[in-house]
Amino acid sequence: MLMKKYLSPKLMLIVFLLFGAASIGRAQNRPISPTRVCTFTDFLQRVSTQNLPYIAEQYHVRLADAELMAAGIFPDPSLMVEGKLSDFSIGAGYTLELGGKRQARQRLAQRKMEYENTALKAYFQNLRADAAACYLDALLQQELLAVKRKAYSYMLQLSRSDSIRFILGDLAETDARQSKLEATTLGNAVVEQEGVYQSALIVLNQFMGSVTDSIAVPQGTLGIQIPAYNLID
């Protein structure tokens, strides 16, 4: 009864609009994991030294190098010992490779090592290209998040302004509700974009083989210039 006496339905609606918008605003500014700034040069350097799949590919070259060294080694001699109660015989055997088997084995190991080196270089070039595209995507999602946050902030202020105008009788209830609905929609878009941005950061850190608690974030801007066209030309 006290609520009905002191708060009219219109005023109760405005209080709900104001507190609902404020709660959404607090939800958009929730804390995220600790971050550290990472430049593009530092990012590529970490990719070339700490990327786990690239490190695994390097072991193929090392194995091929070890096989090349093993291919040039002559077969080990074999020692044979036979004995009875009062008679012992000792003999040594050695495998003699004929027909150029050793040279053929070395050439095969050499070709395999050259192949592994070429494959490693190609893998590294593709890795750098994919890493650069990942870095640009993280920058793109970062800027999109900033734009959506700004749009939500403006719409939230407009929603609160419309709620005050509704209290004063300068705005219809439908328009006030519409502003609140649009602010909520933009708030949901911010939450969705935050998820996309965090996913891009996870991929970015995976390229660097990062195992720290803090998340590396890209530094810089895309710097997209909108071209100016002459209508007559």
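For reference, positions follow the sequence shown, starting with 1. Just so it is clear, the values below take in all heavy atoms, side chains as well, and ignore hydrogens, waters and symmetry mates. Given the structure is predicted, the values throughout are model-derived calculations rather than measurements.
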TODO: Using side chain to side chain contact (heavy atoms under 4.5 Å, CB included) as the criterion, list what pairs up with Asn230, not counting sequence neighbours.
DONE: Ile232, Asp233
- [ ] Work out which heavy atom in Phe43 is nearest to a heavy atom in Leu204; give both atom names and the distance.
- [x] CE1-CD1, 3.4 Å
Open item on the list: Could you check whether any side-chain N or O of Thr185 sits under 3.5 Å from a backbone N or O of Leu181, counting only pairs where one atom can act as donor and the other as acceptor?
Closed with: yes
- [ ] Grab the two heavy atoms, one from Met208 and one from Ala216, that are nearest each other, plus how far apart they are.
- [x] CE-CB, 3.5 Å
- [ ] Could you tell me whether the side chain of Asp162 reaches within less than 4.5 Å of the side chain of Asp175, counting heavy atoms only?
- [x] no
- [ ] Using atom types as modelled and distance alone, determine if a side-chain donor or acceptor of Ser159 lies under 3.5 Å from a backbone N or O of Met155.
- [x] no
Task: Common cluster, Tyr154/Leu145, ILVMFWY with side-chain heavy-atom separation under 4.5 Å - done: no
TODO: Report the C-alpha separation of Lys148 and Glu194 in whole Å, then their side-chain angles, then the decisive distance to 0.1 Å, and conclude whether the salt bridge (charged side-chain N to carboxylate O under 4.0 Å, His left out) test is met.
DONE: CA-CA 10 Å; Lys148 291 185 178 182; Glu194 284 180 350; over 6 Å; no
Task: Verdict with reasoning, Gln198 to Ile215, per side chain to side chain contact (heavy atoms under 4.5 Å, CB included) - done: CA-CA 9 Å; Gln198 291 297 318; Ile215 299 178; 4.0 Å; yes
Open item on the list: Please determine whether residues Leu201 and Val203 belong to a single hydrophobic cluster, defined as Ile, Leu, Val, Met, Phe, Trp and Tyr linked transitively by side-chain heavy-atom distances below 4.5 Å.
Closed with: yes
Task: Rounded distance [0.5 Å steps], OH in Tyr123 versus CD in Gln58 - done: 10.0 Å
TODO: Find the distance between OG (Ser163) and CG (Leu158) and round it off to the nearest 0.5 Å.
DONE: 9.0 Å
Open item on the list: Checking Arg111 now: which residues fulfil salt bridge (charged side-chain N to carboxylate O under 4.0 Å, His left out) with it, not counting sequence neighbours?
Closed with: none
Can you give the donor-acceptor pairs under 3.5 Å from side chains of residues 129-141 to other protein atoms, not counting sequence neighbours?
{"unit_1": "Tyr135", "atom_1": "OH", "unit_2": "Cys38", "atom_2": "O", "d": "2.9"}
{"unit_1": "Tyr135", "atom_1": "OH", "unit_2": "Phe40", "atom_2": "N", "d": "3.2"}
{"unit_1": "Tyr135", "atom_1": "OH", "unit_2": "Gln219", "atom_2": "N", "d": "3.0"}
{"unit_1": "Tyr135", "atom_1": "OH", "unit_2": "Gln219", "atom_2": "O", "d": "3.1"}
{"unit_1": "Asp137", "atom_1": "OD1", "unit_2": "Gln141", "atom_2": "NE2", "d": "3.4"}
{"unit_1": "Gln141", "atom_1": "OE1", "unit_2": "Gln193", "atom_2": "NE2", "d": "2.8"}

Task: Those residues that, when tested against Lys112, pass salt bridge (charged side-chain N to carboxylate O under 4.0 Å, His left out) (two or more places apart) - done: Glu67
TODO: Might you point out which heavy atoms bring Val190 and Tyr152 nearest each other, and give the distance in Å?
DONE: CG2-CB, 3.8 Å
Open item on the list: Between Asn188 and Glu192, is the side chain to side chain contact (heavy atoms under 4.5 Å, CB included) condition met? List the steps.
Closed with: CA-CA 6 Å; Asn188 294 333; Glu192 181 180 358; over 6 Å; no
- [ ] Verify the cluster assignment for Leu52 and Phe124: are they in a single hydrophobic cluster under the rule of side-chain heavy atoms below 4.5 Å apart?
- [x] no
Open item on the list: Going by ring-ring contact (aromatic ring centres under 6.0 Å, His included), name the residues that satisfy it together with Tyr197, two or more places apart in sequence or in a different chain.
Closed with: none
Task: Which residues share a side chain to side chain contact (heavy atoms under 4.5 Å, CB included) with Gln110, sequence neighbours left out - done: Leu68, Glu114
Open item on the list: Using modelled atom types and a 3.5 Å cut-off, is there a donor and acceptor pairing between side-chain atoms of Asn117 and backbone atoms of Met113?
Closed with: yes
- [ ] Mind checking side-chain hydrogen bond (donor to acceptor under 3.5 Å, both in side chains) for Glu182 and listing every partner two or more places apart, or none if nothing turns up?
- [x] Gln178
Task: Qualifying side-chain hydrogen bond (donor to acceptor under 3.5 Å, both in side chains) pairs with a residue from residues 39-52, counting only residues at least two apart or across chains - done: Asp42-Arg46
Open item on the list: So, using side chain to side chain contact (heavy atoms under 4.5 Å, CB included) as the criterion, who are the partners of Val147 when residues are at least two apart?
Closed with: none
Open item on the list: Which residues pass the ring-ring contact (aromatic ring centres under 6.0 Å, His included) test with Tyr115, not counting sequence neighbours?
Closed with: none
Open item on the list: Can you confirm whether Thr184 sits close enough to Lys180 that some side-chain heavy atom of one is under 4.5 Å from a side-chain heavy atom of the other?
Closed with: yes
TODO: Would you please name every residue forming a side-chain hydrogen bond (donor to acceptor under 3.5 Å, both in side chains) with Asp170, sequence neighbours left out?
DONE: none
Open item on the list: Applying side chain to side chain contact (heavy atoms under 4.5 Å, CB included), can you list everything that pairs with Tyr59, at least two apart in sequence or on another chain?
Closed with: Ile55, Arg62
- [ ] Answer with yes or no whether the hydrophobic clustering places Leu63 together with Val61; edges join I, L, V, M, F, W, Y residues whose side-chain heavy atoms lie under 4.5 Å apart.
- [x] no
